[in-house]
Structures are given as C-alpha cells and as structure tokens.
Amino acid sequence: MTRHFLSLSDAGGDTIAAMLNDAIDRKAARKDWPKARPDADAPLAGHVLAMIFEKNSTRTRVSFDMAMRQLGGSALIMEAGSTQLGRGETVADTARVLSRMVDAIMIRTDDHAKIEELAHYAEVPVINGLTDLSHPCQIVADLLTVVERGFALPGLQVAWLGDGNNVANSLIEAAGQMKFTVRIGGPAGYEPNAGFIEQARAAGAEVILTQDPAEAVKGAQVVVTDTWVSMGQPGGEKHVAAMQPYQVNAALMAQADPRAMFLHCLPAHREEEVTNEVIDGPQSAVWDEAENRLHSQKSVLLWALGKL
Ligand code: CP
C-alpha cells in the first residue's frame, strides 16, 4: 500500500517514535560539513522527490531538498504558478503524470481537500508540506526537538498560545498519538479544529482549551506559539487585537515550568506573538527546531518510501 503522510495518524504513534529514533541516530552520525554529503547508507539513492509549492516556504523547501541529498536522492521544485497545475490542469492528472516520473511528491497548498485528491490519484507517496488544516512535518521536528532536550513525550505538558491554526491542529493530533497534554490558550472564536481535538481526546490525550494564558502555561515544559495570522488568512485589526493577551513574553514564560523550552515553527513576527527576549533567550529552542526540520524530514521520507 502506498504510504501517504497527510497527517500524523497516517503513520501512528509507534511509527512516529521510530522516526524520532532514526532522526536522532542519523543526526548523530553526521558531521556538519559538507552539508549535502550523503549519509553512509544513502538509502534513497536514485530516488527523486517532486515538491509542489502553492505557498511560500523557506524551511520546508530547503529541508526537504537537503534531506533528499543527504539520503542519496534528489529533489525538484515545482512552483505551482509556473506549472500546468497553475493553468488549470487537474490535480488528478498531475498526480497520474508525476507518479510515472518521480518516487514521491511533497506539496504545500491551501485547501486540504486538494492534497487528499492528489493522494487518491497518486501511485507514489504524497507528503503534506502544510495545508490550511495541518502541518504534520513541522510537528515531527518539534517532537524531535523536545525529545533531544531530554523530555519524555508521554505525560508531557505542552502549552500553545494564540491562534488555533494548522500547526496547533497537528500538535493536538500528536498529543493523541504520543499521549501528552496540550493546553490551548487563545481567544474565543480562534480555537483549533474540533475534529482534531475530539480525535486526540478519544485517543486518551488531555486537551484543554482556555482563554487564560496563565492557565495555559502553568507548569508547562514546552511553550509553543506561531504567527497570529497564518498565510492566506484574512487577519485584520480585530484578529490581531484578540491575540495580544497571548503574546509569549518573559512574564508569561516565568509561569511555566522553570525548565520550559520555547518553540516557534518560524517565521516569527518579533514583538507580536513572541518578544525578542524570549525567542533570543536561553529557553528558546527555535534554531534547533528549524534544523530538526531536516533531520525529521529524512525520517518521514524513509517511512513513506518503505525504508523505515
Ligand atoms: N515552519 C515552516 O513550515 O517554515 P516555512 O514556511 O519557511 O517552510
């Protein structure tokens, strides 16, 4: 069966744990330079990943490209606007054609239904590089960052502050898969997707919604936020004003566990959702988190292509 990675549930908790272990091992085995030197086993030699971008990206684009190089394969970038997809060729026909020429497809798009359609017609794995609904690759990197700082996932207390966006949805999905608690601190009307919350709770995770930022972070070992207005969302003054009490600043971080780490998937809007003092401070793990996009993406690719 083709292994698509549209959500964390496509892999499941045991596989995510295996991905994290593989990422830790591969990261430890590498020297930092030269960056594109293939891993000793080059497990994806001869494999090609097509990357379709219908939205901007820095980390996802570079980490998938470098992941393929380090695994011994290669990647090609398709900016949707310069392909026939951008001129109306159907998603289904694009899936059929790419399946004849490449080994896997990564897509960053808006409507989640589009990636589901692509996966339905593709004969090669399709990987979710972000949709308006979810961002599972980001969360594998976040979990890797948490684990390598010595925290165990089961029983972990994670606080999310601000907009209940696609990253929040995938974080909640991860809570269900890996059995940790998530407290969402955000304004009414900006909650994460109800389906993800129900699914995580049904899997035994505690998911708490609160409008009190202090309650969200109290005792948390991980404090996470993201831009208040995601790509392609309308935003506006009312939206930004509603988010203001959820800014992650030093006073809020002081209410978390003293060992708490700060995560942000980036790009950050400094002095909006997070202050410079926090993102540049000793509790911030955002640069490790960004680097871990590369190491975790390698594990996602290996799993999707049946090598893990
Ligand atoms: N965090 C993240 O997905 O970064 P990019 O938008 O730069 O890919």
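Positions are given from 1, in the same order as the sequence printed here. Ligands are counted one by one from 1 in listed order, and the atoms in each one are counted from 1 as well.
Within the listing of ligand 1, atoms 1 (N), 2 (C), 4 (O) sit less than 4.0 angstrom from a heavy atom of L266. Short contacts between ligand 1 and R293, defined as distances under 4.0 Å to a heavy atom of the residue, involve ligand atoms 1 (N), 2 (C), 3 (O). Short contacts between ligand 1 and T58, defined as distances under 4.0 Å to a heavy atom of the residue, involve ligand atoms 5 (P), 7 (O), 8 (O). Of all atoms in ligand 1, listed by their number and element, those nearer than 4.0 Å to a heavy atom of H135 are 2 (C), 3 (O).
When only non-hydrogen protein atoms are considered, atom 4 (O) of ligand 1 lies nearest to R59 NE, 2.9 Å.
Using a 4.0 Å cut-off between a side-chain N of Lys or Arg and a carboxylate O of Asp or Glu, E289 and R59 do not qualify as a salt bridge. Salt-bridge check for D39 with R26: passed, with a basic side-chain N closer than 4.0 Å to an acidic carboxylate O.
By the 4.0 Å heavy-atom criterion, L130 is excluded from the residues contacting ligand 1. The shortest separation from a heavy atom of R61 to ligand 1 is not under 4.0 Å, leaving the residue out of contact.
When every heavy atom of I139 is checked against every heavy atom of A174, the shortest pair comes out as CG2-CB, 3.6 Å.
L266 CG to Q138 CD: the interatomic distance, rounded to the nearest 0.5 Å, is 7.5 Å. A distance of 13.0 Å separates CG in D22 from NZ in K307, rounded to the nearest 0.5 Å.
Contact annotation: for R108 versus ligand 1, heavy atoms closer than 4.0 Å belong to the side chain alone.
Checked by atom type, the side-chain pair Q157/R183 shows a donor-acceptor distance below 3.5 Å.
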